[in-house]
Amino acid sequence: MKPFTLTNNEQTDADVKLQKEISESGKIPGHIAIIMDGNGRWAQTKGNVRIFGHKAGVESVRDITESCAQLGVKHLTLYAFSTENWNRPAIEVNGLMKILVNSLKNEAERLNRNNIKFVTIGQIERLPEKCQKQISEVTELTKNNDSLQLCLALSYSGRWDITEAVKKLSKRVQAGELNPEEINDQLIGAHLSTAEVPDPDLIIRTSGEFRISNFLLWQLAYSELYITETFWPDFRRDELYEAIKSYQERDRRYGGVKNGYSKSVSSSVFNKIIS
Ligand code: IPE
Ligand code: IPE
Ligand code: MG
């Protein structure tokens, strides 16, 4: 395993200390997923055009990716472009695709030096050729890295993901390889684009919207939610730490009861209560 080397020149001693405190104060989420929202409004509050916000958002992607790697988070999934985002004006879509190509070009070496593995989920074949080419290059360059896995969700939607899984399973049934009775939630999960990745522990949405917007619909079943008013270009590591601290205080019950909460009672008392 390649050691994780810090190439983030901005990381201060105070930040290293803070990260140590967070790691010692509770569990670090293994998988964080983020709905990076509010770029357009961020730009508008500054009297600028929306695309300015998308460009500024790249800085947040770098800061959050590197701080996650430094903290030992294993998976970071970023919602960068949804299936529905294709319905935006062409000028914005084209601008976003150009920013994507340039960012991948600029960040490739740095990702690699930081031992970060880059992957994508979504309908990559719908993206312009140049984006596809750049994605393949960075994916190939970083494929053996093993600190953080950074996954960009591009032309992605949860419903698309589930639909594709249903198609794959139906084909296996049709081919006689699979009995419909054998289909269970593990098998469905194994046919999603995130098959190799554990479900997110923590999902963050920036810009104060209380919705999932067709992100990882299946995978988010028991993820802890953290919603902040901060627009994505202003979301940096200090707020990521707040989100992780909030996560560390949660009691994840998965439909069960709080630890130590179920007092045992004798069966006669129990029967009295329920009669
Ligand atoms: C998120 O910011 C980025 C993408 C969806 C591509 P928005 O572009 O949605 O910005 P707001 O939410 O309109 O402010
Ligand atoms: C969700 O943001 C998609 C991404 C962040 C890529 P949107 O801005 O598209 O979501 P809505 O329209 O507010 O639900
Ligand atoms: Mg938005």
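Counting starts at 1 for both ligands and their atoms, in listed order.
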### Query
Near ligand 1, which residues have a heavy atom under 4.0 Å away from one of its atoms?
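Protein residues near ligand 1 are Met36, Asp37, Gly38, Asn39, Gly40, Arg41, Arg50, His54, Ala80, Asn85, Arg88, Glu92, Leu96.
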
### Message
Please determine whether a side-chain nitrogen of the Lys or Arg among Glu137 and Lys133 lies less than 4.0 Å from a carboxylate oxygen of the Asp or Glu.
### Response
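Salt bridge flag = yes for Lys133 with Glu137.
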
### Message
Any carboxylate oxygen within less than 4.0 angstrom of a Lys/Arg side-chain nitrogen, looking at Lys245 and Glu239?
### Response
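Glu239 and Lys245: not salt-bridged.
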
#### Entry: Option passing side chain to side chain contact (heavy atoms under 4.5 Å, CB included) with Phe118 (candidates Asn145, Leu141, Thr65, Ile135)
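The passing option is Ile135.
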
### Query
Counting no waters, how many protein N/O/S atoms sit under 2.8 Å from the Mg ion (ligand 3)?
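There are 1 of them.
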
### Task
Hey, can you tell me if Phe52 and Trp42 have their rings parallel, tilted or perpendicular (30° and 60° cut-offs)?
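Because their plane-to-plane angle is under 30°, the rings of Phe52 and Trp42 count as parallel.
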
### Task
Applying ring pair (Phe, Tyr, Trp, His ring centres under 6.0 Å), name anything that partners Phe215, two or more places apart in sequence or on another chain.
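Listed in chain order: Tyr79.
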
### Task
Please list, chain by chain and in numerical order, all residues satisfying ring pair (Phe, Tyr, Trp, His ring centres under 6.0 Å) with Phe235, sequence neighbours excluded.
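Only Trp232 meet the ring pair (Phe, Tyr, Trp, His ring centres under 6.0 Å) criterion with Phe235.
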
Tell me whether [X] contacts the main-chain N or O of [Y] through its side chain, where contact means a donor paired with an acceptor under 3.5 Å.
X	Y	result
Glu92	Arg50	no
Thr206	Asp37	yes
Asn106	Asn102	yes

### Sub-4.0 Å atoms of ligand 2 with respect to non-hydrogen atoms of Arg211
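Counting from 1, the qualifying ligand atoms are 11 (P), 13 (O), 14 (O).
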
#### Entry: Residue pair Cys68 / Ile32: nearest heavy atoms and the distance that separates them
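Here Cys68 and Ile32 meet closest at SG-CD1, 4.2 Å.
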
